[in-house]
S.K.: 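Here it is: the structure, laid out below.
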Amino acid sequence: MPFALSPERDRELSEILTRYPTKMAACIPALHLCQDQHGWIDDEVVDFVSRRLDLPPSHVKGVVTFYTLFNQHPVGKHQVWVCRTLPCALRGAGDVLARCEKKLGIKPGETTPDGKVTLRTAECLASCGTAPMMQVDKDYYENLTVEQVDAILDALTTGKPLKPKPPAPKSSPLGSAGPFGGADVKPSSPAAGSVKPPSGTGSLPPPVPPPRPASVKPPAEKPSSTPPPKDEEKKSES
Amino acid sequence: MLKQTNYLTKVYGLPEGWKLAAYERECRGYEAARKVLTTMQPADVVNEAKKANIRGRGGAGFPMGVKWSFMRPHPTKPAYLVINADEGEPGTHKDRTIMELNPHAVVEGCIIGCYAIGAHAAYIYVRDELHLSKARLWEAINEAKAKGYLGKTPFGKGYPVEVYVHTGAGAYICGEETSLLNSLEGKRGEPRLKPPFPAQAGAFGCPTTVNNLETIAAVPTAFILGCEEFSKLSAIHNLNDGGVRLFGVNGHVKRPGVYECAVGLTLRELIFDLGGGVTDDKALFAVIPGGSSTPVLRAEDVVNAPDEKSPLHPWHGKSVLDVPMGVDTFRNMGTMLGTCCATVMAEGTDPIAAFHNLMQFYRHESCGQCTPCREGSGWLFRIAEKLMEGTCSMDELNSLHDIANNIMGNTICAFGEGTAMPALGFLKKFRKEFEAYVRGERKGTDARLTVAPLS
């Protein structure tokens, strides 16, 4: 059966199309929606997007092959990206990666035999002040320790939720404008804030409750009491 | 000169500080946009903005007001404002904090920017990995819209402004402005030839201004304080480098993070006063001042600017750590201010391993459009690999200069320079260490980047 977006995602795509003067501009957002649904981009997805947006399939394929985040092969249920670039490497990214390799028994680029986790290295993820870090699906885990890496991987492979770690002490010797690097810059996960990520950001419902960033205090915020504008649900970042 | 401020960062760390209520309460939120839209003409906004001396905060340091003034109304085509939030330069972690913790400053900046350049739509291009940033920006946009600050009649004025968040899909090159525009249009993110510049033919072939996210987030503050006053906060206001900005420090420091300070802070203050000093109180070895593409500085380097006309002359003979961090001061020092986020390396860090790490980054991120960069970045990385393996010859080491110099200036975009400059910088500053590797006196297997193993 040829690929098609779910009605909900298709409506989202129609809304995305209203933001741009051309249909082509929705190409990358459309591919994100498809990947959220399908896990990776195969030729049928390319075909769907090209028909939906009136683009030549070669154009869509060209876009898919250009960008790192479009999976051109099936991937595991969870994706673990370890940042390897210099600022993280200076603070132990090598150790984080080695730990992941050992614990999962795979090398970067590979998926565990049970199909649960794909391990990858990432180039700088803009988290240099809170290094070392890794990204698991859509969540950032920062200021990692070996213990936290273990806990995160255990949560992914066993399906047990992560225990939140008490927040790091806030040191601000320089006045109210003091540092907000390190632990202060949290929360770093959409799940940890009060913001409901727009629909379509979440992929298939995760089999486990989304683990909380290990170094983030439990969210104290309640969901916004004011009802969001009607069209917020349809807004997508992608 | 260390002068910490909190114009942008006042709401950082507050509970729900990213919401409209906190922004209006703490930062006089949307006062500037209201004033601009209801009392000023677009041309006056541009002229006023020029006085703020905001240098582009994405790396190149181009004056923001001047860039705005390049926009000319087109008889048939609309204009666009595009915000570059594709933060991907290794060592740069400032924009993310603004998007996550003060997204309303971005939205307000977009309203003012759109009005000044004659645009009715702004696209904020955020890299796809930053899911929280995107969600916070959308939330801010919706809040502003609900209040009537955005939409068909912002602040009751018949000047429609819409702001959208657009995402890429993980390509460092899309931080280059023309590549970003291609990506926004739904194409492969390959840079375009300039001219035409975006102000003539940018997004969708229409006049476009591309501003860095931190640049646009500074605009509301400038208009609240008065642009001239804002500029004067800087210690090097006289060098047309004004205002306050975010300074990041990462790597081997005790308190890595992002700090808002007046422009003109020195590296010594950033590393020792704000960053808390080098990890484990080790000696400082080297600093990459503003993202990995800026040439590295050694701790013992001194300024050599005997010429009285040089903006660096007042610091002639002093340590590079004591020079105010400004676009022109650092450029004259043979490096660049870049994104103003310094990566610190302690004594004992292996510079060749660092070089190898960075060359791997550029090898991975070259978009492949221009041959010198596509092939050159691969050759640089291969020689770095050979150095680490201990199989590099002296000829190959010397060829690094040739390769880097043949990338420089021979590519469509500045990625080529961004690759060649750090390579040449490392070669210049660490020639002895490179030679030690060739002679087998140092080995890749002993190379360390961390101060201590991760606990």
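Here is how names work: the chains are called A, B, and so on, in the same order as the sequence lines, proteins then strands, and each is numbered from 1.
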S.K.: Say whether R52(A) and S14(A), considering side chains only, have a donor N or O and an acceptor N or O under 3.5 Å apart.
M.R.: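 There is such a pair (donor and acceptor under 3.5 Å, judged by atom type) between the side chains of R52(A) and S14(A).
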S.K.: Does any backbone or side-chain atom of V126(B) lie under 4.5 Å from a heavy atom of chain A? Answer side chain, backbone, both or neither.
M.R.: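 The answer is neither part of V126(B).
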S.K.: Taking N6(B) for the side chain and T9(B) for the main chain, is one N or O donor matched with an acceptor at less than 3.5 Å?
M.R.: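 No, because the side chain of N6(B) does not come within donor-acceptor range (under 3.5 Å) of the backbone of T9(B).
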S.K.: Counting heavy-atom pairs under 4.5 Å to chain A, which of V253(B), L184(B), N250(B) comes out on top?
M.R.: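 Looking at each option in turn, the highest pair count goes to N250(B).
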S.K.: Apply side-chain hydrogen bond (donor to acceptor under 3.5 Å, both in side chains) to K23(A) and list each qualifying residue two or more places apart in sequence or on a separate chain.
M.R.: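 For K23(A) the side-chain hydrogen bond (donor to acceptor under 3.5 Å, both in side chains) partners, ignoring immediate neighbours, are D54(A).
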S.K.: Go through the atoms of I124(B) and report whether side chain, backbone, both or neither lie under 4.5 Å from a heavy atom of chain A.
M.R.: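 It is neither, since no heavy atom gets under 4.5 Å.
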S.K.: Just give me the residue among L449(B), N357(B), L137(B) that pairs up with chain A most often, heavy atom to heavy atom, under 4.5 Å.
M.R.: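 Heavy-atom pairs under 4.5 Å are most numerous for N357(B).
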S.K.: Test of understanding: with ring-ring contact (aromatic ring centres under 6.0 Å, His included), list the residues that count as partners of H120(B), not counting sequence neighbours.
M.R.: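 With neighbours one apart ignored, the set is Y159(B).
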S.K.: Among the options C27(A), G62(A), G92(A), pick out the one with the most heavy-atom pairs lying under 4.5 Å from chain B.
M.R.: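 Most heavy-atom pairs within the cutoff with chain B belong to G62(A).
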S.K.: Between A89(A) and chain B, with a heavy-atom cut-off of 4.5 Å, which part of the residue counts as in contact: side chain, backbone, both or neither?
M.R.: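 Looking at A89(A), backbone and side chain both touch chain B.
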S.K.: Run H252(B) and F285(B) through ring pair (Phe, Tyr, Trp, His ring centres under 6.0 Å) and show every step you take.
M.R.: CA-CA 10 Å; H252(B) 296 153; F285(B) 177 57; 9.8 Å; no
S.K.: Below 4.5 Å, heavy-atom pairs only: which of Q360(B), M345(B), E87(B) has the largest tally toward chain A?
M.R.: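 Highest number of heavy-atom pairs under 4.5 Å: Q360(B).
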S.K.: Relative to chain A, which segment of Y80(B) carries a heavy atom at a distance below 4.5 Å: side chain, backbone, both, or neither?
M.R.: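 Contact with chain A is through the side chain of Y80(B) alone.
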S.K.: Which region of E185(B), side chain (C-beta onward) or backbone (N, CA, C, O), has a non-hydrogen atom less than 4.5 Å from a non-hydrogen atom of chain A, or is it both or neither?
M.R.: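 Contact with chain A is through the backbone of E185(B) alone.
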S.K.: With respect to chain A, which residue among G275(B), G88(B), P78(B), G91(B) yields the maximal number of heavy-atom pairs within a distance under 4.5 Å?
M.R.: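 That would be G91(B).
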S.K.: S127(A) and Y140(A): side-chain donor and acceptor closer than 3.5 Å?
M.R.: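 S127(A) vs Y140(A): no donor-acceptor pair found between side chains.
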S.K.: Give, as side chain, backbone, both or neither, the part of E162(B) having an atom under 4.5 angstrom from any heavy atom of chain A.
M.R.: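 Neither part; nothing is under 4.5 Å.
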S.K.: If I measure from the heavy atoms of chain A, does F204(B) come under 4.5 Å with its side chain, its backbone, both, or neither?
M.R.: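 The side chain, not the backbone.
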S.K.: Between T294(B) (side chain only) and G291(B) (backbone N and O only), is there a donor and an acceptor less than 3.5 Å apart?
M.R.: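 Judged by distance alone, yes, a pair lies under 3.5 Å.
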S.K.: Would you mind telling me which of L90(A), D95(A), V64(A) has the largest number of heavy-atom pairs within less than 4.5 Å of chain B?
M.R.: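 Between L90(A), D95(A), V64(A), the count favours L90(A).
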S.K.: Is it the backbone or the side chain of R84(A) that comes under 4.5 Å from a heavy atom of chain B, or both, or neither?
M.R.: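 When you check distances to chain B, atoms from both the backbone and side chain of R84(A) fall under 4.5 Å.
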S.K.: At a 4.5 Å cut-off on heavy atoms, which part of C367(B) comes close to chain A: side chain, backbone, both, or neither?
M.R.: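 Backbone plus side chain of C367(B), per the 4.5 Å heavy-atom cut-off to chain A.
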S.K.: Which of these, C88(A), C83(A), P87(A), C128(A), sits in a side-chain contact (heavy atoms from CB on, under 4.5 Å) with P90(B)?
M.R.: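 The single option meeting the side-chain contact (heavy atoms from CB on, under 4.5 Å) with P90(B) is P87(A).
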S.K.: Would you say the side-chain atoms of Y362(B) and S293(B) include a donor-acceptor pair closer than 3.5 Å?
M.R.: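 There is such a pair (donor and acceptor under 3.5 Å, judged by atom type) between the side chains of Y362(B) and S293(B).
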S.K.: For F66(A) and I173(B), run side-chain contact (heavy atoms from CB on, under 4.5 Å): C-alpha distance rounded to whole Å, both residues' side-chain angles, the deciding distance at 0.1 Å, then the answer.
M.R.: CA-CA 11 Å; F66(A) 186 84; I173(B) 191 64; 3.7 Å; yes
S.K.: How are the rings of Y172(B) and F361(B) set relative to one another: parallel (under 30°), tilted (30 to 60°) or perpendicular (over 60°)?
M.R.: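 It falls in the perpendicular class, over 60°.
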S.K.: Specify whether W40(A) and H38(A) have parallel, tilted or perpendicular ring planes, treating 30° as the upper limit for parallel and 60° as the lower limit for perpendicular.
M.R.: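 Parallel: the ring planes of W40(A) and H38(A) meet at under 30°.
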S.K.: Please classify the contact between I288(B) and chain A as side chain, backbone, both or neither, with a heavy-atom cut-off of under 4.5 Å.
M.R.: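 It is the side chain, since no backbone atom gets that close.
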S.K.: Heavy-atom cut-off 4.5 Å, strictly under: side chain, backbone, both or neither for S292(B) against chain A?
M.R.: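 Answer is neither: S292(B) stays 4.5 Å or more from chain A.
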S.K.: Non-hydrogen atoms of chain A under 4.5 Å away: do they reach the side chain of S183(B), the backbone, both or neither?
M.R.: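 Interface part for S183(B): both.
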S.K.: Is it the side chain or the backbone of V96(A) that comes within 4.5 Å of chain B heavy atoms, both, or neither?
M.R.: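 Both parts, backbone and side chain.
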S.K.: Where does R448(B) contact chain A at under 4.5 Å (heavy atoms): side chain, backbone, both or neither?
M.R.: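 For R448(B), neither part sits under 4.5 Å from chain A.
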S.K.: Q135(A) versus chain B, heavy atoms under 4.5 Å apart: side chain, backbone, both or neither?
M.R.: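 The side chain, not the backbone.
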S.K.: For E123(A) and T85(A), does a side-chain donor sit closer than 3.5 Å to a side-chain acceptor?
M.R.: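 Yes - a donor-acceptor pair under 3.5 Å links their side chains.
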S.K.: Between R127(B), E365(B), K10(B), which shows the greatest number of heavy-atom pairs under 4.5 Å with chain A?
M.R.: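 If we count pairs closer than 4.5 Å to chain A, R127(B) comes out on top.
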